[in-house]
Amino acid sequence: MNIKKHYSTIILAGVLAVLSVCSLFVGVLDIKLSDLAGGDVQQWEIFFISRLPRLLAILCTGIGMSVAGLIMQQLCMNKFVSPTTGATISSAQFGILLALLYMPSSTLWGRAIFAFAAAILGTWIFVWFIQRVQFKDVVMVPLVGIMFGNVIGGITNYLAYKYEMTQALSSWLVGHFSLVLRGRYEIVYLVAPLVVLAFVFANHFNIVGMGKDFSRNLGVPYNVVLFMGLSIAAMITASIVVVVGSISYIGLIVPNLVAMFKGDKIRGTLIDTALFGAIFVLVCDMIGRIVIAPYELPIELIIGILGSIVFIGLLLYRLKNGRKAVSIGKRNTDAAKVTGGTAK
């Protein structure tokens, strides 16, 4: 085992461990290590009911959204595609609204089922549409996704206003961890098996990202793997939206930042992407808890500000360095030619 090859993974894991411990002691109510060691019942209740569930939800959110973005970028052969720019988040919100309208007494799991179905369907429609666009500029594809997401968001807002559901839906429109408590966040645990499944099929996602003909030449069922990967990304996103709400940019900027240092191969970057995504969300959450303490800013606001700045920087960087830095398809096309396939 080459230790040098895994330096970045070890460093990211260490940083995440330190920040995770610090996060447990940041909040309105002070928790002291000495009180926990002394067996203070009230301190332990706060720890297990609020602080630990919040930390687990943050880690699952950062890992899940980053991995979902990485999968979508590879399968769509575009570095600017993500759950945000692929209409996945908007579709999940639409599914939650349908659950509130037609099953008002449904549990969180019932709403999650609607969110899963809507997120998967919306993501499939987006990819189906962009596959039929003849001129697929690297910037135009995410713009199409943003417009498609706005259409779904418009329909969602219209129905919410019509049936007076805006207040009920508001908690899913802005991402925050303030309501994460024991007993109402466990759905995010679905992220763990889905991320493991993504790692198992990482090589298949790489092959499918090289094009339909190239996949067939290697005996990989293109449509099956494509829709499986999109479904994994959509289910990860939906499970997070149901618990935390809408959190943008994570699946867009984290895979891009990691790819700048580790390359585009999923198996080689998946772990680093997951760790860096968890660190990014954890840092943003701690900033939101500290900056105007004892009040708390929604994490969507912090990530929205930082994500917008980073996204503009990434856009300028990749456009400055040419199409090769923006589109995965360019490198995959070259690889297909070398191996005798034709990537589309």
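In this text the structure is predicted, and so the values were computed from the model without any measurement.
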Heavy-atom closest pair, residues V188 and A57:
CG2-CA, 4.2 Å
Side chain to side chain contact (heavy atoms under 4.5 Å, CB included) evaluation trace for M210 with S215
CA-CA 7 Å; M210 294 181 183; S215 301; 5.8 Å; no
Working to the nearest 0.5 angstrom, can you tell me the gap between F25 CZ and M286 CE?
11.5 Å
Enclosure of Y161 OH (heavy-atom neighbours >12, cutoff 6.0 Å):
no
same_hphob_cluster(I187, I113) at 4.5 Å side-chain heavy-atom cutoff:
no
For the side chain of R216 and the backbone of P221, is there at least one donor-acceptor N/O pair under 3.5 Å apart?
no
Would you find a donor on one side and an acceptor on the other, under 3.5 Å apart, between the side chain of S66 and the backbone of I63?
no
So, do R54 and I58 sit near enough that their side-chain heavy atoms are less than 4.5 Å apart?
yes
If you apply the rule side chain to side chain contact (heavy atoms under 4.5 Å, CB included), what do you find for M65 with I247, and how did you get there?
CA-CA 9 Å; M65 294 300 289; I247 300 182; 5.5 Å; no
Just by distance, do the side chain of Q93 and the backbone of G153 share a donor-acceptor pair under 3.5 Å?
no
Kindly work out whether a path of hydrophobic side-chain contacts (I/L/V/M/F/W/Y, heavy atoms less than 4.5 Å apart) joins L19 to V21.
yes
Minimum heavy-atom distance P142-F80, with the two atoms named:
CB-O, 3.3 Å
Validation row: F214, I207 side chains within 4.5 angstrom (heavy atoms):
yes
Quick one: are I155 and F94 in side-chain contact, heavy atoms under 4.5 Å?
yes
Distance from S246 atom OG to I89 atom CD1, nearest 0.5 Å?
4.5 Å
Minimum-distance pair of heavy atoms, taken over all atoms of C60 and V191:
O-CG1, 3.6 Å
Of all heavy-atom pairs between A115 and V242, which one has the smallest distance, and what is that distance?
CB-CG2, 3.6 Å
Do P193 and V196 make a side-chain contact, defined as non-hydrogen atoms from C-beta onward lying under 4.5 Å apart?
no
What's the spacing between L16 CG and L59 CG if we round to 0.5 Å?
5.5 Å
Give a yes or no on whether the backbone of A87 and the side-chain of S91 come within a donor-acceptor separation of less than 3.5 Å.
yes
Separation of I302 CD1 from D285 CG (nearest 0.5 Å)
9.5 Å
Common cluster, V18/I271, ILVMFWY with side-chain heavy-atom separation under 4.5 Å
no
For atom OH of Y189, decide whether the heavy atoms of other residues, nucleotides or ligands shown that lie under 6.0 angstrom number more than 12.
yes
Quick one: does any side-chain atom of Q73 pair with a main-chain N or O of G251 as donor and acceptor, under 3.5 Å?
yes
Would L159 and M165 count as a side chain to side chain contact (heavy atoms under 4.5 Å, CB included) here? Give the steps.
CA-CA 8 Å; L159 293 175; M165 299 293 294; over 6 Å; no
Supply the atom-to-atom distance N217 CG to D213 CG, rounded to the nearest 0.5 angstrom.
6.5 Å
Is there a side-chain contact between T88 and M235, using heavy atoms and a 4.5 Å cut-off?
no
Sorted by first residue and then second, give each side-chain hydrogen bond (donor to acceptor under 3.5 Å, both in side chains) pair with at least one member in residues 150-159; sequence neighbours left out.
none
Looking only at non-hydrogen atoms, find the nearest pair between W124 and S231 and report the distance.
CZ2-OG, 3.2 Å
Okay, side chain of R51, backbone of L24: is any donor-acceptor separation there less than 3.5 Å?
yes
Do C76 and V141 come within less than 4.5 Å of each other through their side chains, counting heavy atoms only?
no
Less than 4.5 Å apart, side chain to side chain, heavy atoms only: is that true for M147 and V151?
no
Quick check: is I232 connected to V224 through a chain of hydrophobic side chains (ILVMFWY, heavy atoms under 4.5 Å apart)?
no
Walk me through whether I125 and F148 qualify under side chain to side chain contact (heavy atoms under 4.5 Å, CB included).
CA-CA 10 Å; I125 293 174; F148 181 47; 3.8 Å; yes
Report the residue from L252, T123, V67 that forms a side chain to side chain contact (heavy atoms under 4.5 Å, CB included) with M72.
T123
Exercise: identify the closest heavy-atom pair between L55 and S20
CD2-O, 3.8 Å
For N256 and K79, indicate whether the former's side chain and the latter's backbone hold a donor-acceptor pair under 3.5 Å.
yes
Please round to the nearest 0.5 Å and tell me the distance separating atom CZ of F126 and atom CD1 of I146.
9.0 Å
Relative to the ring of F205, is the ring of F201 parallel (under 30°), tilted (30 to 60°) or perpendicular (over 60°)?
tilted
Note, T84 side chain near Y249 side chain (heavy atom, < 4.5 Å):
no
What about V41 and L52, same hydrophobic cluster or not, with Ile/Leu/Val/Met/Phe/Trp/Tyr joined at side-chain heavy-atom distances under 4.5 Å?
no
